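Remarks on the structure that follows.
All residue numbers in this chain count up from 1 along the given sequence. Predicted, not measured: the structure shown is a model, and the values here were computed from it. Atom set for the values below is all heavy atoms of this structure, side chains included, hydrogens, waters and symmetry mates excluded.
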Amino acid sequence: MTFADRVIQFNEQLTYTGNVLPAGIRVMNPFRESPETGVIAAQFYRKYYSDDAVRYLILGINPGRFGAGLTGIPFTDPKRLVSECGIAYSGKVTHEPSSVFVYEMIHAYGGPGAFYEQFYINSMCPLGFTTVDEHGKEKNYNYYDSRALTEAVRSYMIGNIRKQIALGTRTDVCFCLGTGKNEQFLRKLNEEYAFFGKIIALEHPRFVMQYKTATKQVYIDKYVRALRDPAAFTG
């Protein structure tokens with residue numbers, strides 16, 4: 001099986017098997033909620049991952065509604081799927097700021113082909129979570145947004161980190177997107193389970209786009225330095 005085959009199989013088998021979630025929190029599984037998502041994601045992975053190369057793993061938080069929640073591809077919203085990856089999309093066209101940053105960074109690195117042959121992006125929790133606010137609007141919810149949710153999904157995340165390593169990713173270095181709670185939780189798990197030899201945490205794309213847009217290029221440059229030479233990267 002190629003790397004693409006393994007990822008496609010991983011996505012097809014994704015289902016939540018953790019503990020009962022806190023009241024008001026819903027699991028978001030893009031591959032169960034829309035048949036088109038699996039088809040789109042399979043096209044993407046066959047385009048960029050049809051080989052047996054071992055890649056660095058990049059772990060985000062969990063999928064959001066307007067990016068991977070629709071395309072099945074982490075940090076790839078429908079707009080970037082079409083314009084940057086050349087894959088057709090007929091569903092709801094959305095814009096995710098994190099996806100904008102990631103693809104600007106990918107271009108700085110050398111483009112999608114060069115990037116994806118070296119890196120595989122997924123999340124600490126490959127399934128997303130949502131909640132409904134007081135106005136009845138569905139919102140993204142992160143696994144660390146409540147202690148109860150973190151504890152409920154902890155064993156599920158541990159199992160999925162192991163599964164993502166088994167796809168064919170390196171364990172000497174892992175890249176973590178998020179220098180706050182996501183980094184803290186990954187480091188805590190890594191101390192206990194020794195998944196990776198080194199963890200390099202980078203500011204989350206959403207944080208950059210929301211709070212640091214004026215200095216966005218500084219963060220793009222930082223990402224590229226870390227990704228090109230992780231052994232030498234010190235922050």
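- In this structure, Tyr120 and Tyr45 have tilted ring planes: the angle between them lies in the 30° to 60° band.
- Taking the six-membered ring where tryptophan is involved, the planes of Tyr116 and Tyr48 are tilted, since the angle between them lies from 30° to 60°.
- Residue Ala41 comes nearest to Phe31 through the heavy atom pair CB-CE2, 3.9 Å, listed as atom of the first residue, atom of the second, then distance.
- By the 30° and 60° cut-offs, the orientation of the rings of Tyr49 relative to Phe44 is tilted.
- Under the 4.5 Å side-chain heavy-atom criterion for ILVMFWY residues, a single connected hydrophobic cluster contains both Val82 and Tyr103.
- Heavy atoms only, all atoms of each residue included: Tyr89 and Ile40 are closest at CD1-CD1, 3.3 Å.
- Side-chain contact between Met124 and Ile161 is present, with at least one heavy-atom pair separated by less than 4.5 Å.
- Counting heavy atoms from C-beta on, the side chains of Ile61 and Lys181 never come closer than 4.5 Å.
- Here the straight-line distance linking atom OG1 of Thr15 with atom CZ of Arg32 works out to 4.5 Å at 0.5 Å rounding.
- Under the 4.5 Å side-chain contact rule for hydrophobic residues, Tyr211 and Phe75 share a cluster.
- Here the side chain of Asp5 pairs a donor or acceptor atom with the backbone of Thr2 at under 3.5 angstrom.
- Within 6.0 Å of the NZ atom in Lys188, the count of heavy atoms belonging to other residues, nucleotides or ligands does not exceed 12.
- In this structure, Phe207 is not a member of the same hydrophobic cluster as Phe66, with clusters built from ILVMFWY side-chain heavy atoms closer than 4.5 Å.
- Residue Ile58 is tested with Asn122, Thr169, Leu227, Val102 for a side chain to side chain contact (heavy atoms under 4.5 Å, CB included); the sole match is Leu227.
- Residues Ile106 and Glu84 form no side-chain contact, since every pair of their non-hydrogen atoms from C-beta on lies 4.5 Å or further apart.
- Looking only at atom types and distance, the side chain of Tyr141 has no donor-acceptor partner in the side chain of Asn62 under 3.5 Å away.
- Geometric assessment of Arg225 against the ring of Phe233 yields a negative cation-pi assignment under the 6.0 Å and 45° thresholds.
- Annotation: side chain of Phe129 is not in contact with side chain of Thr131 (no heavy-atom distance under 4.5 Å).
- Taking 4.5 Å as the limit, every side-chain heavy atom of Tyr143 sits out of range of all side-chain heavy atoms of Ser123.
- Shortest non-hydrogen contact noted between Asp172 and Tyr56 is OD1-CE2, 4.1 Å.
- Taken from OG1 in Thr150 to CG in Asn142, the straight-line distance is 9.5 Å, to the nearest 0.5 Å.
- Here Tyr219 pairs with nothing under the ring pair (Phe, Tyr, Trp, His ring centres under 6.0 Å) rule; sequence neighbours left out.
- Using a 4.0 Å cut-off between charged nitrogen and carboxylate oxygen, Asp77 and Lys79 do not count as a salt-bridge pair.
- Contact detail for Ile220 and Ala108: the closest heavy-atom pair is CG2-CB, 3.7 Å.
- Using a 4.5 Å cut-off between side-chain heavy atoms of Ile, Leu, Val, Met, Phe, Trp and Tyr, with links allowed through other members, Leu57 and Leu167 fall into the same hydrophobic cluster.
- Looking only at side-chain heavy atoms (C-beta outward), Cys85 and Arg80 stay at 4.5 Å or farther from each other.
- A salt bridge between Glu183 and Arg187 is present, with a side-chain N of the basic residue lying under 4.0 Å from a carboxylate O of the acidic one.
- Using a 4.5 Å cut-off between side-chain heavy atoms of Ile, Leu, Val, Met, Phe, Trp and Tyr, with links allowed through other members, Phe196 and Val54 fall into different hydrophobic clusters.
- Here the closest non-hydrogen pair linking Ala68 and Pro63 is CB-CB, 3.9 Å.
- You'll find the side chain of Leu186 stays beyond 4.5 Å of the side chain of Asn182, heavy atoms only.
- Side-chain N or O atoms of Arg65 include one that pairs as donor or acceptor with a backbone N or O of Glu138 at under 3.5 Å.
- Side-chain polar atoms of Glu33 and Asn29 form no donor-acceptor pair below 3.5 angstrom.
- Ser90 pairs by the side chain to side chain contact (heavy atoms under 4.5 Å, CB included) definition with Glu36, not counting sequence neighbours.
- Atoms CZ and NZ, on Phe101 and Lys216 in that order, are 8.5 Å from each other to the nearest 0.5 Å.
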